[in-house]
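Before any comments, here is the structure.
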Amino acid sequence: MKLTKRLQAIVDLVPNNAKIIDIGTDHAYVPIYLYLSNITHDITATDISNRVLKSTYNNLKKYNLEEKIKLIQSNGWENIKDTYDLAIIAGMGAHTIIDILKTANLPKTLIIESNNKHDLLRKYLNSINYTLDQEIAVLDNNKYYLIMYYKLGKEKLTDEEILFGKSNNTNYYNYLYNKYSKYPKYKKYIELLEEYRSRL
Ligand SMILES: C[S@@+](CC[C@H](N)C(=O)[O-])C[C@H]1O[C@@H](n2cnc3c(N)ncnc32)[C@H](O)[C@@H]1O
């Protein structure tokens, strides 16, 4: 099974034999890949939508995994009783991800991939005592995605780290510059970005 670069970057961060939950699994490509690659077989996949879960189930069936990967309908952690080593929450907006994080007895490690407002997420996760252990900027189909790997533990992030993250990827910062520098309302942001970029 060939994953997109975004999903490949996510699965590459999953430790061997971890007990994982994929919240908002949709197509379940991440669980299917993890199982078939023998990275881990202890996988629960969830989605809020019963309609989505019907096609998730059909995808699992295609790979004969419908008995191997647990599927649960749940809004965030609402119907989840078990505990996990790692949760993956990907492909959603920051507000939805934060709402999901608020309902949980969270595991010690998290892989988060939001499609917007990364600063908001960094700030929130920092406030609930998670350390941003790794942040990877992945270019997939001409668009950058940020994959964030969090571990339980306090850290003090600077304002710049909250705003620009820890990817240290100059190409990503150049992409942000090109995207936002044409809008006058981002003038302050662009000034900070230029300063940050020049120090890398
Ligand atoms: C765009 S898909 C992302 C699928 C996959 N995680 C990925 O990164 O490719 C988002 C999925 O999250 C589900 N979702 C949205 N809010 C949710 C919530 N509160 N709890 C669980 N699933 C949710 C949606 O039904 C949808 O299937």
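One-based numbering, in listed order, for ligands and for the atoms of each.
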Students often mix this up, so state it plainly: with edges at 30° and 60°, are the rings of Tyr35 and His41 parallel, tilted or perpendicular?
parallel
Could you tell me, atom by atom, which parts of ligand 1 come under 4.0 Å of a heavy atom of Ser74?
20 (N), 21 (C)
Measure from the side-chain N and O atoms of Lys19 to the backbone N and O of Thr83, and report whether any donor-acceptor pair falls under 3.5 Å.
yes
The ring pair (Phe, Tyr, Trp, His ring centres under 6.0 Å) partners of Tyr29 (sequence neighbours excluded) come to His27
What is the nearest protein non-hydrogen atom to atom 14 (N) of ligand 1, stated with its residue, atom name and distance?
Ile48 CG2, 3.7 Å
Residue, atom name and distance, where the atom is the protein heavy atom closest to atom 27 (O) of ligand 1:
Asp47 OD2, 2.7 Å
To which protein heavy atom is atom 19 (N) of ligand 1 closest, and what is the distance rounded to 0.1 Å?
Asn75 OD1, 2.8 Å
Heavy atom of the protein closest to atom 2 (S) of ligand 1 (residue, atom name, distance)
Asp26 OD2, 3.6 Å
Stepwise ring pair (Phe, Tyr, Trp, His ring centres under 6.0 Å) test for Tyr186 and Tyr177
CA-CA 10 Å; Tyr186 290 109; Tyr177 182 88; over 10 Å; no
Would you say Val52 has any N or O atom under 3.5 Å from an N or O of ligand 1, going by distance alone?
no
Proximal atoms of ligand 1 relative to His27 (non-hydrogen, under 4.0 Å)
4 (C), 5 (C), 7 (C), 9 (O)
At a 4.0 Å cut-off, with the gap strictly under it, does some heavy atom of Ile100 reach an atom of ligand 1?
yes
among protein heavy atoms, the one nearest atom 8 (O) of ligand 1 is Arg6 NH1, 2.8 Å
Please enumerate all residues that pass salt bridge (Lys or Arg N to Asp or Glu O under 4.0 Å) together with Lys151, with sequence neighbours excluded.
Asp133
What residue and heavy atom of the protein are closest to atom 20 (N) of ligand 1, and at what distance?
Gly76 N, 2.9 Å
May I ask you to decide if Tyr145's main-chain N or O and Arg6's side chain share a donor-acceptor pair within less than 3.5 Å?
no
Polar atom proximity, Thr25 to ligand 1 (N or O, under 3.5 Å):
no
Nearest non-hydrogen protein atom, atom 16 (N) of ligand 1
Thr96 CG2, 3.7 Å
Test item: side-chain donor near acceptor, Asn59 and Lys62, under 3.5 Å:
yes
Distance to 0.1 Å, residue and atom name: give those for the protein heavy atom nearest to atom 12 (O) of ligand 1.
Gly24 CA, 3.4 Å
Within the distance-only criterion (no hydrogens, no angle test), does the side chain of Tyr189 pair as donor or acceptor with the backbone N or O of Leu163 below 3.5 angstrom?
no
Answer whether the closest heavy-atom distance between the side chains of Leu125 and Leu110 falls below 4.5 Å.
yes
